[in-house]
Q: 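Pasting in a structure now, in structure tokens, and then I'll have a few things to ask.
Note that these values count all heavy atoms, side chains included, but never hydrogens, waters or copies made by symmetry.
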Amino acid sequence: MNASSDNWLAGRRIAKMNGAGNEIVVLDLRGEHRRVSGDEARAIGAAPGLKFDQLMVLYDAVRPESAASMKIFNIDGSLSGACGNGTRCVAWEMLRGADARDLRLESDGGVLEVRREGDWSFTVDMGVPRLAWRDIPLAGEGADTTRVALTPPVIGAPATFSAVSMGNPHAIFFVENAGAVNLADLGPRIEHHPMFPERVNASFAQVRRRDSILLRVWERGAGATLACGTAACATA
């Protein structure tokens, strides 16, 4: 898809994709000196047909063994350190028509290893979860981030959460009925809670079986989304 000819995107190919429900836009700027700003990311998301949860902008890789470097923008123009579903979309775009099965991509959250399992199936190694309070980060020292008291409490939210970073911060609330959660109400209040200096992705997880979790996610900078790869990793 090409943007209209009255802006700097004219003539550049923009791929709009869907990764497990995530709306993803991929913009390839490898070989160029152009850098996308937060304001420009918001403008791209406002263009007809280009609404996204995350915008994956590809630049030249820093490391010779990597295929590209990614900057990941949320729809509000803020940066995200990682996006699992977006990374899979990038891999499909970069590997289609090629014989290669493996791809290494750089992100603000670290180097991500991607493998093509089939024509429409890609897996991403999202790296080691970060569990220390400074690395998530949380606005206060605590030894155990698997069970953290939400202080001050948020009316309607569980009293405790688990905190994890998968390149971006996550707060996971384990609940009896994820479908009953008022995500539109609780999501923004938790995202901007003072315990999270860099805001947070808020997930409400209902463990149905050992191998099945129902997950509803409010992503920082994007709002309620149909899927979130880093949230799935953080919850697991």
Side-chain angles (χ1 to χ4, degrees), residues 18-24 53-54 74 80-89 109-110 112-115 117 121-140 142-193 195-196 198-236:
N18 178 301
N22 266 150
E23 290 189 82
I24 304 296
D53 296 323
Q54 276 78 40
N74 300 310
S80 178
C83 177
N85 287 318
T87 300
R88 295 191 304 123
C89 288
L112 304 177
E113 303 283 351
V114 191
R115 182 168 182 80
E117 304 291 349
S121 177
F122 295 82
T123 59
V124 183
D125 183 346
M126 296 302 296
V128 177
R130 301 163 197 173
L131 304 174
W133 69 275
R134 287 187 181 89
D135 298 331
I136 293 168
L138 300 178
D144 182 10
T145 54
T146 63
R147 187 176 176 85
V148 184
L150 187 62
T151 308
V154 172
I155 295 174
T160 62
F161 64 93
S162 297
V164 186
S165 172
M166 292 302 307
N168 45 16
H170 289 269
I172 301 98
F173 297 84
F174 289 95
V175 297
E176 292 295 325
N177 184 358
V181 172
N182 188 340
L183 193 61
D185 173 56
L186 291 179
R189 289 195 283 149
I190 294 171
E191 176 188 354
H192 296 278
H193 191 282
M195 287 194 73
F196 309 110
E198 296 181 7
R199 299 187 291 168
V200 77
N201 295 272
S203 294
F204 297 88
Q206 176 187 343
V207 180
R208 299 189 291 193
R209 298 185 305 275
R210 175 71 179 174
D211 61 352
S212 176
I213 297 175
L214 175 62
L215 190 63
R216 297 183 65 206
V217 183
W218 180 275
E219 294 193 57
R220 62 171 185 169
T225 57
L226 295 178
C228 178
T230 57
C233 293
T235 302

Q: In sequence, state the C-alpha distance, the side-chain angles, and the governing distance for V164 and L131, and then conclude on side-chain contact (heavy atoms from CB on, under 4.5 Å).
A: CA-CA 5 Å; V164 186; L131 304 174; 4.0 Å; yes
Q: Check the pair H170 / S162 against side-chain contact (heavy atoms from CB on, under 4.5 Å), numbers first and verdict last.
A: CA-CA 8 Å; H170 289 269; S162 297; over 6 Å; no
Q: Measuring only between side-chain heavy atoms, which start at C-beta, is V148 closer than 4.5 Å to M195?
A: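 A side-chain contact exists here, since the closest heavy-atom pair is under 4.5 Å.
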Q: Is there a donor-acceptor contact under 3.5 Å from the side chain of T87 to the main chain of C83?
A: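 The answer is yes, because a donor-acceptor pair under 3.5 Å joins these two groups.
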Q: How close do L186 and G156 get, heavy atom to heavy atom, and via which atoms?
A: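 Taking L186 first and G156 second, the nearest heavy atoms are CD1-O, 3.5 Å.
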Q: Under 3.5 Å, side chain of N74 to main-chain N/O of A222, donor-acceptor pair present?
A: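 The answer is no, because no donor-acceptor pair under 3.5 Å joins these two groups.
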Q: What distance separates F174 CZ from I213 CD1, expressed to the nearest 0.5 Å?
A: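 Going from the CZ atom of F174 to the CD1 atom of I213 covers 6.0 Å.
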Q: Would you say the side-chain atoms of R216 pair up with the backbone N or O of A178, donor to acceptor, closer than 3.5 Å?
A: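 Yes: the side chain of R216 pairs with the backbone of A178.
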Q: Can you name the nearest heavy-atom pair linking A20 to N85, along with the distance?
A: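 Shortest heavy-atom separation between A20 and N85 comes out as CB-OD1, 3.8 Å.
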Q: Work out which heavy atom in V124 is nearest to a heavy atom in G84; give both atom names and the distance.
A: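 Result for this residue pair: CG2-O, 4.0 Å.
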Q: Work out which heavy atom in I190 is nearest to a heavy atom in A202; give both atom names and the distance.
A: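 Scanning both residues completely, I find the closest heavy atoms to be CG2-CB, 3.8 Å.
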Q: Going through the checks in order, is the side-chain contact (heavy atoms from CB on, under 4.5 Å) test met by N177 and Q206?
A: CA-CA 6 Å; N177 184 358; Q206 176 187 343; 3.9 Å; yes
Q: Looking only at atom types and distance, does a side-chain atom of S212 sit under 3.5 Å from a main-chain N or O of R208, one as donor and one as acceptor?
A: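 Absent.
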Q: Is R189 reaching over with its side chain to a backbone N or O of I155, donor-acceptor style, under 3.5 angstrom?
A: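 Side chain of R189 to backbone of I155: a pair is present.
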Q: Check P158 against F204 and note the closest heavy-atom contact, atom names and distance.
A: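 Residues P158 and F204, closest heavy atoms: CD-CE2, 4.2 Å.
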Q: Report yes or no: does D53 contribute a side-chain atom to a donor-acceptor pair with the main-chain N or O of E23 at less than 3.5 Å?
A: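 Answer holds: yes.
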Q: Among N168, N22, T230, which residue satisfies the side-chain contact (heavy atoms from CB on, under 4.5 Å) criterion with E219?
A: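 By the side-chain contact (heavy atoms from CB on, under 4.5 Å) criterion, E219 pairs with just one of N168, N22, T230: N22.
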Q: Any sub-3.5 Å donor-acceptor pair from S203's side-chain atoms to I172's backbone N or O?
A: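 Checked: no pair found.
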Q: For atom CD of E176, decide whether the heavy atoms of other residues, nucleotides or ligands shown that lie under 6.0 angstrom number more than 12.
A: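 Check fails, neighbour count at 12 or below.
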Q: Is it the case that over 12 heavy atoms from other parts of the model lie below 6.0 angstrom from the CZ atom of R115?
A: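 Enclosed.
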Q: How about F161 and F196: are their ring centres within less than 6.0 Å of each other?
A: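 Ring centroids of F161 and F196 are less than 6.0 Å from each other.
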Q: Looking only at atom types and distance, does a side-chain atom of R220 sit under 3.5 Å from a main-chain N or O of E198, one as donor and one as acceptor?
A: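 Here the side-chain-to-backbone pair exists.
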Q: Stepwise, does the salt bridge (Lys or Arg N to Asp or Glu O under 4.0 Å) test hold for E191 with R199?
A: CA-CA 5 Å; E191 176 188 354; R199 299 187 291 168; 2.8 Å; yes
Q: Over all heavy atoms of both residues, which pair between A171 and V200 is shortest? Give the atoms and the distance, please.
A: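 Minimum heavy-atom separation between A171 and V200: N-CG2, 3.5 Å.
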Q: Do T145 and I136 come within less than 4.5 Å of each other through their side chains, counting heavy atoms only?
A: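 In contact.
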Q: Answer yes or no: is there a side-chain heavy-atom contact under 4.5 Å between P152 and H193?
A: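 In short, these two side chains touch, coming nearer than 4.5 Å.
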Q: Would you say that F173 contacts L150 through its side chain, given a criterion of any heavy-atom pair below 4.5 Å between the two side chains?
A: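 The answer is yes, as the side chains (C-beta and beyond) meet within the 4.5 Å cut-off.
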